[in-house]
2 protein chains.
Amino acid sequence: MERKWECDNPLRRQAWSAAINATLRVLEGKWKIVIINELMAAKGRPLRFSELERLIPDVTQKMLIQQLKGLQQDDIIRRTVYPQVPPRVEYALTTLGHALGPAMTALIDWAELRHQHEVNGMDPRGVSDDGRVER
Amino acid sequence: MERKWECDNPLRRQAWSAAINATLRVLEGKWKIVIINELMAAKGRPLRFSELERLIPDVTQKMLIQQLKGLQQDDIIRRTVYPQVPPRVEYALTTLGHALGPAMTALIDWAELRHQHEVNGMDPRGVSDDGRVER
DNA sequence: CAGTATCCAGCTTGATACTG
DNA sequence: CAGTATCAAGCTGGATACTG
């Protein structure tokens, strides 16, 4: 169901903006989406730290840990330590993390739409007959 | 329709991550969501620069212009200049900008779900019987 | 009215080296 | 294996002053 944006209440709009921004803050960070994506593709099977390193070749150890910590603090992933030598640490999506699915598909859908606009060259800019300028 | 994340193709996963990240880059910036939100609430009526300033009290002129420029470059909003004295500049959502609606509602929905989790205290952490540690 | 121009503090990312 | 520590570069946001 499409939500209506015909909202004349400014406080309501503020609340929506704040909610969206809060979600974006959780997702932003160069590697967070990649991490979440790998965990989703794993279909519930937890991934070890070394597996994530292998699946995401370009990330540095420092960044991977940093982003994992962030996701953990926002309750998107769960970290489990098995007290062994050598150590074994697994990461898995929480319920909340798994619930990001619809939002992520919506973002992908928009990206695809955008790609089509680029190809077709929609919404052209230029100078109108009556002197208005779009730039 | 829920998209399946059971994607065994690593290149496909990479493409998805890249698409989502590209969308996030467009949306991120402290005031962009607020601006888009106000333009959506205006139901197609363009807003003047001064109107946006009034609707978003905490933003500085510099930031408002900067964020508007960014949105314009990503083809989310269209800027129209009316050659008058004093100058008159209007901003409106493009087709692509308007199409952000579903993605934004998905982000709001997740934010609401998250709020409920906070209230209910889901996915608790702690030490398991068998020695595993979640922290 | 609708911007520009400067300067500056803080955060994010990355390279690199080291460790229980 | 799974981290920590340190340093440095670049980007983001904000305060402030000025302008066609």
Side-chain angles (χ1 to χ4, degrees), chain A residues 17-18 21-22 24-35 38-39 42 45-74 77-92 131-135, chain B residues 17-18 21-22 24-36 38-39 42 46-74 77-92 131-135:
Chain A
S17 294
N21 272 140
L24 291 180
R25 298 291 161 267
V26 170
L27 262 28
E28 93 191 17
K30 196 166 176 183
W31 305 100
K32 287 187 181 174
I33 291 295
V34 184
I35 294 167
E38 292 299 337
L39 288 173
R45 184 176 70 84
L47 295 180
R48 297 186 59 163
F49 183 80
S50 52
E51 284 184 288
L52 285 166
E53 267 190 306
R54 194 172 34 73
L55 287 165
I56 313 170
D58 288 350
V59 76
T60 61
Q61 265 194 339
K62 179 203 157 191
M63 282 312 297
L64 183 53
I65 289 171
Q66 191 172 300
Q67 305 272 293
L68 286 168
K69 270 187 183 163
L71 290 172
Q72 197 189 338
Q73 271 166 18
D74 287 327
I77 64 175
R78 180 177 17 255
R79 176 177 183 270
T80 309
V81 180
Y82 295 86
Q84 308 175 353
V85 181
R88 171 197 181 91
V89 180
E90 286 183 347
Y91 294 90
R132 288 173 308 160
V133 176
E134 292 170 19
R135 200 180 342 137
Chain B
S17 294
N21 271 140
L24 291 180
R25 299 289 160 269
V26 170
L27 262 28
E28 91 191 16
K30 195 166 176 181
W31 305 99
K32 287 187 181 173
I33 291 294
V34 184
I35 293 168
I36 294 170
E38 291 300 337
L39 288 172
L47 295 180
R48 296 186 58 165
F49 183 80
S50 51
E51 283 184 289
L52 285 166
E53 267 189 307
R54 192 172 35 73
L55 287 165
I56 313 171
D58 289 349
V59 77
T60 62
Q61 266 193 337
K62 179 204 160 192
M63 282 312 296
L64 182 54
I65 289 170
Q66 190 172 300
Q67 304 273 294
L68 286 167
K69 270 187 182 163
L71 290 172
Q72 198 188 338
Q73 272 167 15
D74 287 326
I77 64 176
R78 180 176 20 254
R79 177 178 183 269
T80 308
V81 180
Y82 295 86
Q84 308 175 352
V85 181
R88 173 196 179 89
V89 180
E90 286 184 348
Y91 295 89
R132 287 173 308 158
V133 177
E134 293 170 16
R135 198 182 347 139

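Below, read A as the first sequence line, B as the second, and so on, with proteins coming before strands; counting in each chain starts at 1.
Among the atoms of the strands shown, base atoms are found under 4.0 Å from some heavy atom of A:Gln66.
In plain terms, the two heavy atoms of A:Leu39 and A:Ile77 that are nearest each other are CD1-CG2, 3.6 Å. Taking every heavy atom of both residues into account, A:Ser17 and B:Val34 meet most closely at OG-CA, 3.6 Å.
As rounded to whole Å, 16 Å separates atom P of D:dT16 from atom CE of B:Met63. Rounding to whole angstrom units, CD of residue B:Glu51 and P of C:dG3 are separated by 13 Å. Distance B:Ile77 CD1 to C:dA2 C1': 14 Å, rounded to the nearest Å. The interatomic distance linking B:Lys32 (NZ) with D:dG13 (C1') rounds to 13 Å, in whole Å. Taking atom CD of residue A:Glu53 and atom P of nucleotide D:dG3, one finds them 9 Å apart after rounding to whole Å. Spacing between atom CG of A:Leu52 and atom P of D:dG3 amounts to 10 Å, rounded to whole angstrom units. In this structure, CD of B:Glu90 is placed 16 Å from C1' of C:dG3, rounded to the nearest angstrom. Taking atom CD1 on B:Ile65 and atom P on D:dG13, their separation rounds to 15 Å, with Å as the unit.
Across all strands shown, the partner of C:dG20 is D:dC1, judged by Watson-Crick or G-U wobble contacts whose two distances both fall under 3.5 Å.
The CG atom of B:Leu27 sits 10.5 Å away from atom CG of A:Leu27, with the distance rounded to the nearest 0.5 Å. From B:Trp31, atom CH2 reaches atom CD of B:Glu38 across 11.5 Å, with rounding to the nearest 0.5 Å.
In this model, the phosphate group of D:dG14 is not approached by any side-chain N or O of B:Thr60 to a distance below 4.0 Å at OP1 or OP2. OP1 and OP2 of D:dC1 both lie 4.0 Å or more from every side-chain N or O belonging to A:Arg48.
Checking D:dG20, C:dT13, C:dG3 against every side-chain atom of A:Gln67, the shortest atom distance belongs to C:dT13. Minimum atom distance to the side chain of A:Arg79 is reached by D:dG3, of the listed C:dG3, C:dG14, D:dG3. Among the nucleotides D:dT4, D:dG20, D:dG13, the one closest to the side chain of B:Lys62 is D:dG13. In this structure, the nucleotide among D:dA15, C:dG14, D:dT4 sitting nearest to the side chain of A:Lys69 is D:dT4. When distances are taken from the side chain of A:Gln61 to each of D:dC1, D:dG3, C:dG3, the shortest belongs to D:dG3.
In terms of position on DNA chain D, the residue among A:Arg88 and A:Arg25 whose nearest nucleotide sits closer to the 5' end is A:Arg88.
Looking at A:Ile35 and A:Leu47, their side chains never come closer than 4.5 Å, going by heavy atoms from C-beta outward.
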